[in-house]
Amino acid sequence: MSEYEIWAIRYAHNEARRTPENFLCGDPHDDLMPMDFFVWVLKGGGRTIVVDTGFDEAMSRKRQRRIVRPVAEGLKAVGVDLASVEDVVVTHMHYDHAGNHDLFPQARYHVQDREMEYCTGRCMCHGALRHAFEVDDVTAMVKRLFEGRVKFHNGAGEIADGVSVHLAGGHTRGLQFLRVRTRRGWVVLASDASHYYANFEQGRPFPVVYDVGETLEAYEAMKRLASSIDHVVPGHDPLVLQRYPAEAGRPLDIVRLDATPTR
């Protein structure tokens, strides 16, 4: 049975974000609550699997997000050969998870049926739903589809022995999270099923949401599938870099999630 290393690579940061922006119905404290942007790498069983592809410099200027390390540079820092990556899981099609279209020329992309239906269907008629999507990201995925490079999943699906995707919905209609077997047990990579620890630990959803009920159900599903609540890793929380210290000789914002976290 394969066990995987999991690398979290921070590639961008939003320093000015405040607590009312991170919780549905706001937050009374109105304190700073910055947001980090990550991609993830799984290594094990002779395979390398990339999870999400981030955004590039042009998108950082458009969206006013600061890139701290280009995605390609961060991936190479953990030994990823971009040209040989065979599997890329796109958790959902928001701009900060589905950009950098040319990084993986040979890869097969794993997406939920419902996410492609969502980002190419009638919901995109509404500005409130489409504002976090970019048309170039969506058309790039359609192009891969016609090249035979997209694998669709309808709910739970196995990517490899010890790696599975699970439909969460909520934040987008077809958001998926991952369950990964590691040396410390089953780790759940939440991606945007929970942006921050506080979202799933306190049951307070992030305000960019398609379905609140699905968001809350996803919190419980992640807890059930992880070996413990400390095995659930949110998608945008700077606390990840505090709870999972960097290895000696590594940049402080590239960390191993298969290591035991600190509180």
Side-chain angles (χ1 to χ4, degrees), residues 8-40 52 54-55 59-69 91-92 94-97 126-133 168-173 175 177-178 187-226 228-246 251-255 257 259-263:
I9 302 166
R10 185 180 72 150
Y11 72 91
H13 183 67
N14 180 6
E15 181 64 38
R17 199 170 181 92
R18 305 190 70 84
T19 54
E21 300 176 87
N22 293 330
F23 301 99
L24 189 66
C25 301
D27 183 85
H29 303 97
D30 196 14
D31 295 326
L32 278 173
M33 193 176 185
M35 175 177 284
D36 278 340
F37 297 79
F38 295 91
V39 296
W40 301 271
D52 288 341
F55 56 77
M59 190 57 59
S60 78
R61 294 191 296 270
K62 178 177 180 178
R63 296 280 183 164
Q64 298 183 330
R65 305 289 188 259
R66 180 173 64 90
I67 288 182
V68 296
R69 176 182 290 103
T91 60
H92 62 302
H94 278 175
Y95 78 94
D96 52 325
H97 296 261
H126 306 291
L129 295 178
R130 71 170 180 261
H131 78 279
F133 293 90
H171 177 59
T172 68
R173 190 166 182 268
L175 170 69
F177 62 83
L178 285 87
V187 170
V188 166
L189 293 179
S191 183
D192 288 9
S194 189
H195 287 63
Y196 294 88
Y197 284 103
N199 293 131
F200 78 87
E201 289 179 347
Q202 300 173 20
R204 294 198 292 157
F206 192 76
V208 179
V209 62
Y210 171 79
D211 188 301
V212 174
E214 287 187 348
T215 297
L216 296 169
E217 289 296 324
Y219 295 163
E220 299 307 310
M222 290 190 296
K223 294 173 190 175
R224 288 195 302 270
L225 290 170
S228 78
I229 195 170
D230 288 329
H231 288 71
V232 180
V233 183
H236 286 275
D237 201 328
L239 287 176
V240 169
L241 299 180
Q242 298 180 29
R243 297 187 183 186
Y244 297 88
L252 296 179
D253 52 5
I254 298 179
V255 298
L257 303 180
T260 301
T262 59
R263 282 273 185 173

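Along the sequence shown, the residues carry numbers beginning at 1.
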Do you know which two heavy atoms are closest between [X] and [Y], and how far apart they sit?
X: Ser60; Y: Phe55; value: CB-CE1, 3.7 Å
X: Pro207; Y: Asn22; value: CD-C, 3.4 Å
X: Ala168; Y: Ala193; value: CB-CB, 4.3 Å
X: Gly203; Y: Leu216; value: O-CD2, 3.8 Å
X: Val209; Y: Gly170; value: CG2-O, 3.4 Å
X: Leu175; Y: Thr172; value: N-OG1, 3.2 Å

Discussion item. Determine whether Arg69 and Ile254 satisfy the following criterion, side-chain contact (heavy atoms from CB on, under 4.5 Å), listing intermediate values before the conclusion.
Written reply: CA-CA 10 Å; Arg69 176 182 290 103; Ile254 298 179; 4.0 Å; yes

Practice prompt. Answer yes or no: are there more than 12 heavy-atom neighbours, outside Leu252 itself, under 6.0 Å from its atom CG?
Written response: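 Counting neighbours around CG of Leu252, 12 or fewer heavy atoms of other residues, nucleotides or ligands fall under 6.0 Å, so no.
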
Could you state the interatomic distance from [atom1] ([X]) to [atom2] ([Y]), rounded to the nearest 0.5 Å?
X: Leu178; Y: Leu225; atom1: CG; atom2: CG; answer: 11.0 Å
X: Arg18; Y: Asp31; atom1: CZ; atom2: CG; answer: 6.5 Å
X: Thr215; Y: Phe206; atom1: OG1; atom2: CZ; answer: 11.0 Å
X: Thr19; Y: Asp30; atom1: OG1; atom2: CG; answer: 5.5 Å
X: Lys223; Y: Glu201; atom1: NZ; atom2: CD; answer: 8.0 Å
X: Phe133; Y: His131; atom1: CZ; atom2: NE2; answer: 9.5 Å

Worksheet item: Just checking, any donor-acceptor pair under 3.5 angstrom between side chains of Asp27 and His29?
Response: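 Asp27 vs His29: donor-acceptor pair found between side chains.
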
When you compare the side chain of [Y] with that of [X], does any pair of heavy atoms fall below 4.5 Å?
X: Pro34; Y: Glu15; result: yes
X: Asp36; Y: Leu241; result: yes
X: Met33; Y: Glu21; result: no
X: Tyr196; Y: Met35; result: yes
X: Tyr197; Y: Val240; result: yes

Worksheet entry | Test side-chain contact (heavy atoms from CB on, under 4.5 Å) applied to His231 and Val188, step by step | CA-CA 6 Å; His231 288 71; Val188 166; over 6 Å; no

Worksheet item: Should Asp96 and Arg65 count as an ion pair when the cut-off is N to O under 4.0 Å?
Response: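 Result for this pair is no, no salt bridge flagged.
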
Worksheet item: Hey, is the main chain of Gly54 close enough, under 3.5 Å, to the side chain of Asp52 for a donor-acceptor pair?
Response: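 Such a contact is absent between Asp52 side chain and Gly54 backbone.
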
Worksheet item: How are the rings of His97 and His236 set to each other: parallel, tilted or perpendicular (split at 30° and 60°)?
Response: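 Ring orientation of His97 relative to His236: perpendicular.
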
Discussion item. Suppose we call two aromatic rings close when their centres sit under 6.0 Å apart. Are Phe37 and His13 close by that rule?
Written reply: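 Distance test on ring centres: not under 6.0 Å, no.
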
Discussion item. For His92 and Asp192: C-alpha separation, side-chain torsions, deciding distance, then whether side chain to side chain donor-acceptor pair (under 3.5 Å) applies.
Written reply: CA-CA 8 Å; His92 62 302; Asp192 288 9; 3.0 Å; yes

Worksheet entry | Reference residue Leu189; test side chain to side chain contact (heavy atoms under 4.5 Å, CB included); the match among Phe177, Trp40, Phe38 |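 Of Phe177, Trp40, Phe38, side chain to side chain contact (heavy atoms under 4.5 Å, CB included) with Leu189 is met by Trp40 alone.
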
